[in-house]
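Scroll down for the structure; my scribbles are underneath it.
Keep in mind it's a predicted model, so treat the numbers as computed, not measured. Quick note on labels: first sequence line is chain A, next is B, and so on, each numbered from 1. No hydrogens, no waters, no symmetry mates; every other heavy atom, side chains included, goes into these values.
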Protein chains: 2
Amino acid sequence: MSSDQTSQTKPYHHGDLRRTLIETALATLREQQGWQFTLREIARRAQVSHSAPYRHFPDKAALLYELALLGFERLGEAMRASLRPAMSAPERLQAMAYAYLAFGEENPDLYRLMFSTQAGDPAQIHVDPRAQAPFYQVIEVLERGQAEGTIRARSALGQATASWAHLHGLTMLSIDSRLVPAKVGDHAIEDALTTLLDGLVRDPVARSPGA
Amino acid sequence: MSSDQTSQTKPYHHGDLRRTLIETALATLREQQGWQFTLREIARRAQVSHSAPYRHFPDKAALLYELALLGFERLGEAMRASLRPAMSAPERLQAMAYAYLAFGEENPDLYRLMFSTQAGDPAQIHVDPRAQAPFYQVIEVLERGQAEGTIRARSALGQATASWAHLHGLTMLSIDSRLVPAKVGDHAIEDALTTLLDGLVRDPVARSPGA
DNA sequence: ACCTGAACACCGTTCAAGT
DNA sequence: ACCTGAACACCGTTCAAGT
């Protein structure tokens, strides 16, 4: 499981602790329930004293900030990876939407952390280009779609904001199990995405008439 | 400021502590920055020992749960109060959307608390009718609109889910100042709501052509 | 330069007492 | 029946020492 660079037997006195802490935190996020892990716990799992992390991060929020940034990077990658060259703008939007949702459902605690106010100033993190990438990918697709005539002629910034808000809300409500009765077999999420596309696409076709 | 029922001079040994704690917490939520107040702080402000609250709530989460429920009730009231009898379904949806957003912006910390996983099991709170009201109000309007022909014929549950996700995302991103550059004079929020209505309304008119 | 261990000022929660 | 105060097992953070 843990085969680091030059670890010979077991104890090491100084290695690449900063990276180790981040990876330990990500692993904790992946396994555990809730993103509210304790800094001391991360230090414990990384086999260092509870004060060692302070040599690499000014405080706990700084570590969370780093994790959040990493999350946004990965989200952007997942969205990019969902695209195929032949796709039309609406198809691209749908693919990115599903990729976004899937990312949240596969990494619920990391996703919550990304949008937690504990991870530093929220207004600041979105100034970092690493966190902005997903948003600008959407704008780009929308603008191309408007040029092609497949996307409704509206403010692309507004449409991108709408898309992001919609996806963020849907993802958050979904991973928190807040979406109504959640009856087996109901398609609330798919239907919600249909309504999002209805708002973006020009002359939407009747896809799923619904109840 | 604090004129309770039968408080004569200052010290009281046992009154309606449960209600006092809730009101103190709400006041703290209103003033302070962040909803992560401490149970001990609430007790301090309520002039009781730090263990007194445990006579009225099994733990801190139970108090947060109560506050969250109260928040959903107020949100529902605000949405209901925004309606006028003469409104069409699309007008109702728009009015409720603005009421929702306004509620979040006026009570940012309460709103965050309502959607925090710390306030008990999220899946459980939405079983309470008090928390469901806002959602069903939207469904009702959507169904009436579909009958009138002003709302697109799609699954009303899906449309309601889409509306809620959209509004929740927009509200959260807005109060956390996560909405892009946020240049003065840009209308990202209004434009985002336009896109939401584009998805719900049948044959949407060109309202704000945008950039 | 990096890490440890004791220490400080807090928490949430429990429980034997008090009134 | 309700409230207090000491106590427990934790935190995040700091800092004088160690290597």
Side-chain angles (χ1 to χ4, degrees), chain A residues 2 4-25 28-29 32-68 109 113 116-121, chain B residues 2 4-25 28-29 32-68 109 113 116-121:
Chain A
S2 61
D4 281 25
Q5 27 201 51
T6 51
S7 65
Q8 291 175 313
T9 46
K10 267 166 281 178
Y12 72 102
H13 284 287
H14 55 85
D16 194 351
L17 184 53
R18 186 186 160 87
R19 191 185 309 272
T20 301
L21 288 171
I22 290 177
E23 273 164 18
T24 305
T28 306
L29 233 30
Q32 216 111 335
Q33 68 289 13
W35 58 268
Q36 299 259 34
F37 55 73
T38 212
L39 229 200
R40 284 170 107 114
E41 186 189 341
I42 301 300
R44 248 177 260 130
R45 293 186 52 156
Q47 314 262 35
V48 293
S49 80
H50 61 260
S51 50
Y54 287 87
R55 205 57 44 179
H56 302 276
F57 298 97
D59 51 24
K60 186 184 178 185
L63 172 59
L64 298 182
Y65 185 90
E66 210 70 16
L67 295 171
D109 285 318
L113 172 57
S116 159
T117 48
Q118 320 284 282
D121 182 10
Chain B
S2 62
D4 280 26
Q5 27 200 50
T6 50
S7 65
Q8 292 175 313
T9 47
K10 267 166 283 179
Y12 71 101
H13 284 288
H14 56 83
D16 193 352
L17 184 54
R18 186 188 159 87
R19 190 184 310 274
T20 302
L21 288 171
I22 289 176
E23 274 163 18
T24 305
T28 305
L29 232 30
Q32 217 111 335
Q33 67 289 11
W35 58 268
Q36 299 259 34
F37 55 73
T38 212
L39 229 201
R40 285 170 108 113
E41 185 190 341
I42 302 300
R44 248 177 259 132
R45 293 186 53 158
Q47 314 261 35
V48 293
S49 80
H50 62 259
S51 50
Y54 287 88
R55 205 55 46 176
H56 302 276
F57 299 96
D59 52 24
K60 187 185 177 186
L63 172 59
L64 298 183
Y65 185 89
E66 211 69 15
L67 296 171
D109 285 318
L113 173 56
S116 160
T117 49
Q118 319 284 281
D121 182 11

Smallest separation among heavy atoms of B:Ala43 and B:Pro53, with atom names = CB-CG, 4.0 Å
ask   = Given atom CG of A:Leu21 and atom C1' of C:dC3, what is their separation to the nearest angstrom?
value = 12 Å
key: Spacing of A:Arg40 atom CZ relative to C:dC10 atom P, expressed in whole Å   = 16 Å
message = I need the CD-P distance between A:Gln36 and D:dG12, as an integer number of Å.
response = 10 Å
query = For the pair made of CD in A:Gln47 and P in C:dG5, what is the distance, rounded to whole Å?
reply = 13 Å
Closest to the A:Leu17 side chain, choosing from D:dT4, C:dC3, C:dT4 = C:dC3
task = Working to the nearest 0.5 Å, report the span between CD of A:Glu23 and CG of A:Leu67.
result = 11.0 Å
request  = Starting from P on D:dT13, measure out to CG on A:Leu39 and report it in whole angstrom.
outcome  = 7 Å
ask   = Hey, is the side chain of B:Thr38 poking within less than 4.0 Å of OP1 or OP2 on C:dC10, counting only N and O atoms?
value = no
query = Which whole-number value in Å describes the distance from B:Arg44 CZ to C:dC10 P?
reply = 8 Å
query = Quick one, which residues of residues 50-60 of chain B touch DNA chain D with a heavy atom under 4.0 Å?
reply = B:His50, B:Ser51, B:Ala52, B:Arg55, B:His56
task = Please answer whether the main-chain N or O of B:His50 pairs with a side-chain N or O of B:Arg40 as donor and acceptor at a distance below 3.5 Å.
result = no
request  = Starting at CD1 of B:Ile22, measure out to CD1 of B:Ile42 and round the result to the nearest 0.5 Å.
outcome  = 11.0 Å
message = Rounded to whole Å, please give me the gap between CG in B:Asp16 and C1' in D:dC2.
response = 13 Å
request  = Using a 3.5 Å limit on both pairing distances, list the dot-bracket string of DNA chain C from the 5' end; Watson-Crick and G-U wobble pairs count, crossing pairs take [ ], interstrand pairs take |.
outcome  = ||.|||||...|||||.||
